[in-house]
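What follows is a single structure, written as structure tokens, with notes after it.
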Protein chains: 2
Amino acid sequence: MEQASVTIADVARLAGVSKVTVSKTLNNSGRISQETRERVLKAAKDLGYTVNYAARSLRGGRTNLLGMVVPELISPYFTDVARAAAEAASRVGLDVGVFTTSRDQKREQERIGMLQSGLADGLLIVVPSDSASFLVSLEKSKIPVVLINHFGAKTHLPTVCADNYHGARAAVEHLLSLGHERIGFVTGAKESTQAQERLRAFKDTLGARGLLDPTLIAEGNFTQRRGFEAGQDLLNHALPPTAIFAASDATAFGVIDAIKDRGLRIPDDISVVGFDDVLAASQIHPTLTTVSHPIEDMNSTAVRLICEMLDGESHKDTLIEFPSSLVVRESTGPRKA
Amino acid sequence: MEQASVTIADVARLAGVSKVTVSKTLNNSGRISQETRERVLKAAKDLGYTVNYAARSLRGGRTNLLGMVVPELISPYFTDVARAAAEAASRVGLDVGVFTTSRDQKREQERIGMLQSGLADGLLIVVPSDSASFLVSLEKSKIPVVLINHFGAKTHLPTVCADNYHGARAAVEHLLSLGHERIGFVTGAKESTQAQERLRAFKDTLGARGLLDPTLIAEGNFTQRRGFEAGQDLLNHALPPTAIFAASDATAFGVIDAIKDRGLRIPDDISVVGFDDVLAASQIHPTLTTVSHPIEDMNSTAVRLICEMLDGESHKDTLIEFPSSLVVRESTGPRKA
DNA sequence: TTGTATGCGTTATCAC
DNA sequence: GTGATAACGCATACAA
């Protein structure tokens, strides 16, 4: 198994040229005669040569690898983001390696340090929580860093995010327009800045209409299981809501389970709105009305920013906010007469 | 942003020692006086030093990084595997970077080549399809490689897998024991060797009892959406099945949607069995009877194999098969009288 | 206990 | 068109 790797020196020897010539040939730099080029290429192929990225990186070259750091890969939201980033990067010839932090600050730091030191050309950080100290160290990164969906602590790092506030607001207004007045809410994880934005929008929108009932706010944590429990709690309310807004699609799936479990129909008896528009939202039945982040656009923008920074451009303080949009599907309907 | 990185030379200068002393201190190798050690550590901290993994790797050292290659991150199955691997690796001080191939063979090769050449200490490959040529090149890898859930083409590479065949068999026998005789099946993706194993077990088990009806086999592709459609097809059958075995949990979720959509109850009207035991299987309602791979065990074993190979041990031809086990939950019940 | 010298594989620079 | 040389940052063998 342990097999000495083939280096350009080996290729050079076989082709009867110098290492430099091999390097130039392989990288299409410098002037190489057609004949030599072919000889080198053949030798490289025969030997099964592959570049050593560690060496290239050390020399100051690119690895064509982007590191993406996410808290975990259980929530469909993070896997959707990871997928979108991988696709966007792929289009410009870059790879994405996804690293999970398990929300462990120490590991987070180590992982990022590792990626920064030669392994990756750039970093995409999906920051769920508001960890200022962490961001400060990132600002000194020697490779480009872009934050995705970060809210909260001020930072000079380029950031791409979705407008959670107005998206959530649109969701609540949609329910209001359907005649709902008792609207329940299942929150996201407390430490998530995105969840905070969504809750704030919920309170603001209902509060402005004098319809805010704090007892209709149940605590969630972005998981389906917790959504199920929170849904049950809301249904057990003395005066249950006629519509429930869940802070994430996964949560909404749990709420839907709870409602079906109770023998109630969606949206006839009760409406449900999610947030994220993950893939499954359009696949379940009834299909879920939800708030869509333009995840594809956000990630291709993030990748673009990285590329521009690699080309020397500065994106200090760049903040690109994408509008969220409400996607109305089958899970919402008029309040029961 | 572009900031010259701090090297051991900088630390050495500040601490007033040589580079070697710094290296030894940081790696706890060699004998260093307590006083010097503290001075070096302080200097390193003050400068914000982090090792350059590219340099360390080039020098022959470890990066403490494992590369995991999966086809995609949409299926909960792959994200569960990724999570289990990350946790197992974390316990032994390793990181896992997850790379998706989008089932593109060329990119697959490139990605693996990159990881092999200095970036990763070992490779965990989740091979969905039977790509022999691909495996051959992996056998020549200079870093340890472990295959996860690979079936099909012969290979000398160490492999950790779950016994899909007997797991699927147990699922069918469970349905038989509940009195079901018309049992439908929704296949997985055609190219998946795991899916092939499951289908084979289904056919064998029913065939042996003379209960195999090919018209009750619907084609799926491991997605919920396709599961929904396949479920509808089976329900539209002139003589519909009283139980449906889906080749994956995601597929089963789709089947469940189709059944509920039809106004039928689970398991009263029809039983459903999945395969994978992803997290959501125990979270939906009704909770899903399914076949469980010991994903945690499999991945910690895979990581252990990598570690042993890093220590010089050979695992050529090692094949560790874990039993799958049926997890009976609420989605299956006796055939309706 | 500490330091000097060397090389890992690559590529940019410059000379031929 | 091609090649010799140096340098990236680190860790090892060896010397002091």
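Computation of the quantities below employed the complete heavy-atom set of this structure, encompassing side-chain atoms and omitting hydrogens, waters and symmetry-equivalent molecules. So that the names make sense, note that chain A is the first sequence line, chain B the second, and so on, each numbered from 1.
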Determine to 10° how strongly the helix from C:dT1-D:dA16 to C:dC16-D:dG1 is bent, judged from the axes of its five-pair ends. 40°
Select base, sugar-phosphate, or nothing to describe what A:Ser57 touches, counting heavy atoms under 4.0 Å on all strands. nothing
When rounded to whole Å, the CD1 to C1' distance for the pair A:Ile8 and C:dC8 reads 12 Å
Under a 4.0 Å heavy-atom cutoff, the residues of residues 12-28 of chain B touching DNA chain C are B:Val17, B:Ser18, B:Val20, B:Thr21, B:Lys24
Rounding to an integer number of Å, can you tell me how far B:Asn52 CG sits from C:dC8 P? 18 Å
Heavy-atom nearest pair, B:Ala82 first then B:Val98, reads CB-CG2, 4.1 Å
Nearest-angstrom distance from the residue atom CG of A:Asp10 to P of C:dT10: 9 Å
B:Ser29 near the nucleic acid: base, sugar-phosphate alone, or nothing, with a heavy-atom cut-off under 4.0 Å? nothing
In Å, rounded to the nearest 0.5 Å, how long is the span from CG of B:Asn64 to CE of A:Met114? 8.5 Å
Categorize B:Tyr49 for me: base, sugar-phosphate, or nothing, with a 4.0 angstrom heavy-atom threshold over every strand shown. sugar-phosphate
Less than 4.0 angstrom between a side-chain N/O of A:Arg56 and OP1 or OP2 of C:dT11, yes or no? yes
If you look at every strand shown and take non-hydrogen atoms under 4.0 Å, does B:Ile32 touch a base, only sugar-phosphate, or nothing? sugar-phosphate
Could I get the full list of ring pair (Phe, Tyr, Trp, His ring centres under 6.0 Å) partners for A:Tyr77, not counting sequence neighbours? A:His293
Among A:Val20, A:Thr21, A:Val22, find the residue that satisfies the side-chain contact (heavy atoms from CB on, under 4.5 Å) test when tested with A:Ile8. A:Val22
Scan the side chains in residues 45-56 of chain B for donor-acceptor partners under 3.5 Å anywhere in the protein, sequence neighbours excluded, and list what turns up.
residue : atom : partner : partner atom : Å
B:Asp46 : OD2  : B:Lys42 : NZ           : 2.6
B:Asn52 : OD1  : B:Ala54 : N            : 2.8
B:Asn52 : OD1  : B:Ala55 : N            : 3.0

Separation of C:dT11 atom P from B:Leu58 atom CG, nearest Å, is 12 Å
May I ask you to decide whether B:Arg91 forms a salt bridge with B:Glu87, counting only side-chain N to carboxylate O separations under 4.0 Å? no
Nearest atoms (heavy-atom pairs only) where B:Ser57 meets B:Leu119: OG-N, 4.5 Å
Non-hydrogen atoms of B:Ala86 and A:Thr100 that approach each other most closely: CB-OG1, 3.8 Å
Value in whole Å for how far the P atom of C:dA12 lies from CZ of A:Arg31: 13 Å
Contacted region of DNA chain D by chain A, from 5' end to 3' end of the hits, cut-off under 4.0 Å to heavy atoms, spans D:dG1 to D:dG9
Please set out all donor-acceptor pairs under 3.5 angstrom arising from side-chain atoms of residues 152-162 of chain A, sequence neighbours excluded.
residue  : atom : partner  : partner atom : Å
A:Thr155 : OG1  : A:Glu139 : OE2          : 3.0
A:Thr155 : OG1  : A:Leu157 : N            : 3.0
A:His156 : ND1  : A:Asp317 : OD1          : 2.8
A:His156 : ND1  : A:Asp317 : OD2          : 3.4
A:Thr159 : OG1  : A:Leu157 : O            : 3.0

I need the minimum non-hydrogen distance between B:Leu124 and B:Ala85, along with the two atoms involved. CD1-CB, 4.1 Å
Run through B:Ile112, B:Asn149, B:Ile148, B:Thr101 and flag the one making a side-chain contact (heavy atoms from CB on, under 4.5 Å) with B:Ile125. B:Ile112
